[in-house]
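Side-chain atoms are counted along with the backbone in the values below, which use heavy atoms only and exclude waters and symmetry mates.
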Amino acid sequence: MSDRSPEEINDITLLGNKNVKYSDNYSPEVLETFINKHQENDYFVKFNCPEFTSLCPITGQPDFATIYISYVPDIKMVESKSLKLYLFSFRNHGDFHEDCINIIMKDLINLMNPKYIEVWGKFMPRGGISIDPYCNYGRKNTIWEKVAIDRLTHHDLYPEKVDNR
């Protein structure tokens with residue numbers, strides 16, 4: 001039994017709903033939030049999404065990726081089932097890898113207004129090359145703006161050994 005008030009979870013309609021439609025067309029409106037009960041703490045929430053797919057806007061070929069989303073919440077947090085449905089909605093969306101990653105970040109900023117967020121896509125190779133776009137945002141005039149600059153300028157200095165793609 002949850003200790004959350006009805007007001008805190010009033011906007012969550014997808015979790016536990018067995019009749020949810022999986023849209024295969026870009027649908028940011030599916031995203032839902034709930035209230036962060038620990039607003040006095042700064043902490044990261046990380047989502048690992050290994051089954052992301054979208055389409056190349058030129059060839060129509062499918063692109064497959066793992067998407068990593070990390071954020072420091074403020075008042076609102078994204079509900080994970082709605083995030084899953086949102087990411088699924090890219091299934092037939094045609095955009096370049098870099099565009100998809102930036103769209104995801106901007107949609108989540110508009111949804112939650114987090115203190116900090118980063119989105120990293122690790123796409124499987126196609127044509128002998130993989131692309132791993134990274135973007136981030138730190139709220140202006142806060143320490144998180146400085147964190148964003150630091151993480152961006154030091155991003156991927158020591159890339160991991162890749163043996164699974």
Q: Just wondering, do R126 and D63 contact through their side chains at under 4.5 Å, heavy atoms?
A: yes
Q: Using side-chain heavy atoms (C-beta onward) and a distance below 4.5 Å, is P114 in contact with V72?
A: no
Q: Step by step, work out the side-chain contact (heavy atoms from CB on, under 4.5 Å) result for I58 and F96.
A: CA-CA 9 Å; I58 305 299; F96 292 118; 4.0 Å; yes
Q: Around atom CD of E51, are there more than 12 heavy atoms of other residues, nucleotides or ligands at under 6.0 Å?
A: no
Q: Show, in sequence, the C-alpha distance, side-chain angles and deciding distance for L108 and I117, and conclude whether the side-chain contact (heavy atoms from CB on, under 4.5 Å) test is met.
A: CA-CA 8 Å; L108 291 172; I117 188 167; 3.7 Å; yes
Q: Can you check whether F44 reaches P73 side chain to side chain, under 4.5 Å on heavy atoms?
A: no
Q: Taking all non-hydrogen atoms of both residues, which atom of N48 and which atom of P50 are closest, and how far apart?
A: O-CD, 3.3 Å
Q: Please report the shortest heavy-atom distance between T153 and D150, naming the atom on each side.
A: OG1-O, 3.2 Å
Q: Nearest 0.5 angstrom please: L85 CG to E79 CD, how far?
A: 8.5 Å
Q: So, do Y71 and E118 sit near enough that their side-chain heavy atoms are less than 4.5 Å apart?
A: no
Q: Can you measure from CD (E98) to CD1 (I103) and round to the nearest 0.5 angstrom?
A: 11.0 Å
Q: Given the rule in the side-chain contact (heavy atoms from CB on, under 4.5 Å) test, do S80 and F47 qualify, once you have shown the distances and angles that lead to the verdict?
A: CA-CA 8 Å; S80 61; F47 293 101; 3.8 Å; yes
Q: What distance do F52 atom CZ and I101 atom CD1 have between them, rounded to the nearest 0.5 Å?
A: 6.0 Å
Q: Taking the side chain as every heavy atom from C-beta outward, state whether T142 and K115 have any pair of such atoms under 4.5 Å apart.
A: no
Q: Do side-chain atoms of S82 reach the backbone of L31 as a donor and acceptor pair under 3.5 angstrom?
A: no
Q: Which atom names give the shortest non-hydrogen contact between A148 and Y137, and what distance separates them?
A: CB-C, 3.9 Å
Q: Answer yes or no: is there a donor N or O on one side and an acceptor on the other, between the side chain of S89 and the main chain of L87, under 3.5 Å?
A: no
Q: Do we see a donor-acceptor contact under 3.5 Å between the side chains of Y134 and D132?
A: no
Q: Quick one: OG on S130 to CZ on F64, what's the gap to the nearest 0.5 Å?
A: 15.0 Å
Q: So do P57 and H93 actually touch side chain to side chain, heavy atoms under 4.5 Å?
A: no
Q: Find out if a path of hydrophobic residues (ILVMFWY) with successive side-chain heavy-atom gaps under 4.5 Å connects M105 to I149.
A: no
Q: Between R139 and E145, does any side-chain N to carboxylate O distance fall below 4.0 Å?
A: no
Q: Is there a path of hydrophobic side-chain contacts, each under 4.5 Å between heavy atoms, that joins L55 and I67?
A: no
Q: Determine yes or no for a side-chain-to-main-chain donor-acceptor pair under 3.5 angstrom, with T59 supplying the side chain and Q61 the backbone.
A: yes
Q: Just so I know, are the side chains of T53 and F88 near enough to count as touching, which here means a heavy-atom distance under 4.5 Å?
A: no
Q: Report yes or no: is the cationic atom of K122 (NZ for Lys, CZ for Arg) under 6.0 Å from the centre of the six-membered ring of W120, at an angle within 45° of the ring normal?
A: yes
Q: Measure the CG-OG1 distance between L83 and T33 for me, rounded to the nearest 0.5 Å.
A: 12.5 Å
Q: State, yes or no, whether a side-chain contact exists between I69 and V119 at a heavy-atom distance under 4.5 Å.
A: yes
Q: Drop me the distance from M77's CE to Q39's CD, to the nearest 0.5 angstrom.
A: 10.0 Å
Q: H38 vs Y43 aromatic rings, parallel, tilted or perpendicular, using cut-offs 30° and 60°?
A: perpendicular
Q: Any chance you could lay out the side-chain contact (heavy atoms from CB on, under 4.5 Å) test for F90 and I104, step after step, and finish with the verdict?
A: CA-CA 10 Å; F90 279 82; I104 292 166; 3.7 Å; yes
